[in-house]
Amino acid sequence: MAIDRRNLKVLANFCAAAADAMAFTLMRTAHSAFVKETEDFSCQVVTREGLAFASPRQFGAPWYSGIDYRPLLDMFDDYAEGDICITNDPYSGFVATHSPDIHIWKPVFHGSEIACFVVGHIHNTDVGGAVPASLSRSLTEIEQEGLRIPPVKLVENGVLNDFVLRTVRANVRLPDQNIGDLNAQIASVNIGERKLKEIIARFGFDDFIDGVGQILDYAEEQTHAILKRIPDGDYFFADYADEDSVGGKPCRVALTLRIRDDEIELDYTGSDPQLGSSLNMPTGGRERHPLVMVGLTYVLYTLDNSLLLNAGTLRPARAVLPEGSIVNCQRPAAVGMRSLTCAMTQIVTVGAFAKALPELMPAASPGGNAIMNIKTSARNGRPVMASIGPVGGGGGGTPIGDGSDGAGGATGFLRNTPIEISEAEVPIRFLRYGLQTDTGAPGRYRGGLSAVMEFQVSAPETVVTARNRNRSVMPSWGLAGGHAGTISRFIRNPDGDDEISLGNTDIVRCNPGDVIRVIGPGAGGYGDPFERPVEKVIQDVRRGAISIESARRDYGVAISDGVADGEATAALRADRSPKTAPIIYAAERIAFESVWTEERYDLLTGFLAGVPVGWRFFLKHRIFDAVASHSNKSDDGMAEQMRAIFAEMRERYGV
C-alpha cells in the first residue's frame, strides 16, 4: 500500500489505536489505584531510533508524547524476539525521571528486522526508600529514593528474569501490588506488539517505515507553521516554587523564549542551582527532554488542536539547560519531586508566551497538585499503602471563559480516585471531597476552583504523604487585570484545639481520630473582575463558587436575598481602582522581587555557575542570608553589594 496523505492519516490512526489498546490493557489489569484510576502512566510506539510517533489519545500522562527512548534502546545491541527491557534509574539515559517511574520497552520484529518498539511507564505507589511512597522534598540524594533497576532484560528470549522480580519484592513496601502492576505493563507491551505486527502486515514493512517517518515530518511541519504566527522576539518569564528545601528559600525557574521565524529556543539560564533537596530535574542536558518541553507542547496544541503530538512536534525547538542547575542536575542529586519543578517549567512557558501572545494565553494554573498517599494498616494488621488521588487547583481564567474547576492547567491529566474506591482499599473515612468556595481568583473570567479533601485516620502509626505541596506562600498570577490566586492549605485536625497548619510539609504522622484537610492552590483570574456580568456573579454565589462577601469585595456586586441590589452594585463598581498591569502578581511575590530583582538574581546565578556544583546550593542560602542582613545595614548600590558578598564568600570558603 503506497503512502500518500490519505493513507498516512489512516496509518497514524491505526498506530494511535494500537497505543490506545496498550493503555486500555494497562488500566484494566493494573493493581494500584494510581494506575487504574489516577492514570499516571504512558504508552507509546517509537521508531527503531527511539522517537515516539503514537500515543494514547485520551488516557495517561501527555508529558511523554514527544519522548526519545534512544538512550535506553542503545544500551542493548542484541535484541531478540520476545525481549522486554526495564529500568527506573533516572541517571541511566535520563528517560526514567524518578525512581517510582518504571519504564519497559519491547522490540517489534518483522522477520529478522526490528520495525519499531512499544514502550511505556507507570508510576508505582511505592518503590521503597526512606519514606512511604518513596518521595519527599526532604530527601537529599538519589540513594534515599528507593529501589533503582539499571537497564536490564526483564524478559529474554521469552523467559522472565526471576532475579529482577525477587529484587523488586525485597525492596518495596507492598510487593504484590508492584508485581501486579509490572505484569500489567508486560501485558500492555505484548498487546502493542501484536497490534503493530497486524499494522505492518497490512501496510507492508517498507511502507510502514516510510509512513512513520512521514508522520514525524508532518508534525514538524505543523509546528513550524504555528511558530511562524508568533512575533519574533525574546520573551523572559520567571516563577518560584515556595521553597527549595524543607523550610528553605524560594526556588526560581527562569525561562527566555527566543522565537526566530519558525524555530524556538527555551533557555533556562537564570534558574536556580542544583538543590540539596529532591526538586531537581534529571534531564542530562538533552535539548528536547520531555520535562522541559511539555509546557511548549501544551501551548502548541492550544494554538492548533489538529497538531499531531509526537517527537516530530518538538524538532523545531531546543532547550538550553545549564549543567548543575535545577533543570539539569548531576548525580547523586535527589530527583523524586521533579514533577513539582516540571509544573513550574510549564507555568513559566505559558507566562513567556503570554508576553508574546497576550490575547491568547490563560492566567497561571497553580501547579503543585498534592498527590495524597497513605501508609496505614487494616483492623487485621494487614499493611496498606495506597494513593487516594491528587488535590489541586483549577485552570487559569482564559480570554474566552472561566478556568476549569478542580483539575486544570499544567497537571490536569491526573484523574481523581472515586471515594468509593479509596474507602474500599484504605481504612479511612472521608468527611469531604469537592470544590472549595472562593478559591478561583476573581476576574472577568475567574480562575477554576480548587479541590478540597478531608478525611479521618483510623489506625495508629499512619503516615500521610502529600507529594508536590506548593503555592502555600506565593500564589499563581493573573492576567489582564485578573487577580492572583489563593494559597494552598494543609491542616491536621482543622477547627480543633490541636489544629496545626502544615504549610508545605509533605509527610505527616497521624494517630487514630486525626483529621487531615487539604485545599489545593487557586488558579489566576483573567480580566477585570468588575467587568464580569452581574448575572454570572449571582450564579457563582448560588452554586457556591464564591461567597456573598467575595461578590461584593472582588466583583462589586451587592446581593440581597439572592438578587442583585442594582443601586448598590452601581455604586460599588463606580468606586474602584482596577488593576492595570498585564500580569498581576500577589503581594508575596512583589515583596520578594523588591529585594531579589532580575538584575540581582542574574548576578547570583552567574556567580554560582562559576563554583563547583556541590557548593552552589550551600552558597545560595548563605548569599540569601547575607543580602537579607546587608540590605538593612548599608546603602551600597545593589551590584556593589552583591560583589562584596561574593568576595566575602570566596574568602571565607575558599571557592
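Worth saying up front: this structure is predicted, and the values here are computed from it rather than measured.
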Inset, instruction - Before accepting this row, confirm whether a basic side-chain N of the pair Lys249/Asp272 lies closer than 4.0 Å to the acidic partner's carboxylate O. - result: no

Legend entry - Passing candidate, side chain to side chain contact (heavy atoms under 4.5 Å, CB included) with Ser65, options Leu309, Leu314, Thr313: Leu309

Legend entry - Rounded distance (nearest 0.5 Å) linking atom CZ of Phe236 with atom CG of Leu255: 8.0 Å

Inset, instruction - Taking atom CD of Glu323 as the centre, report whether more than 12 heavy atoms of other residues, nucleotides or ligands fall under 6.0 Å from it. - result: no

Inset, instruction - Answer yes or no: does atom NZ of Lys536 have more than 12 heavy-atom neighbours from other residues, nucleotides or ligands under 6.0 Å? - result: no

Inset, instruction - Determine yes or no for a side-chain-to-main-chain donor-acceptor pair under 3.5 angstrom, with Arg471 supplying the side chain and Gly367 the backbone. - result: no

Inset, instruction - Decide if the gap between the ring center of Trp596 and the ring center of Tyr240 is smaller than 6.0 angstrom. - result: no

Legend entry - Option from Val95, Asp68, Thr283, Val294 for which side chain to side chain contact (heavy atoms under 4.5 Å, CB included) with His289 holds: Thr283

Legend entry - Whether His224 side chain and Asp262 backbone form a donor-acceptor pair below 3.5 Å: yes

Inset, instruction - Run through Pro366, Ser365, Ser476 and flag the one making a side chain to side chain contact (heavy atoms under 4.5 Å, CB included) with Pro521. - result: Pro366

Legend entry - Asp234 side chain reached by Arg260 side chain, heavy atoms, under 4.5 Å: yes

Legend entry - Backbone N/O of Leu135 and side chain of Arg467: donor-acceptor pair under 3.5 Å: no

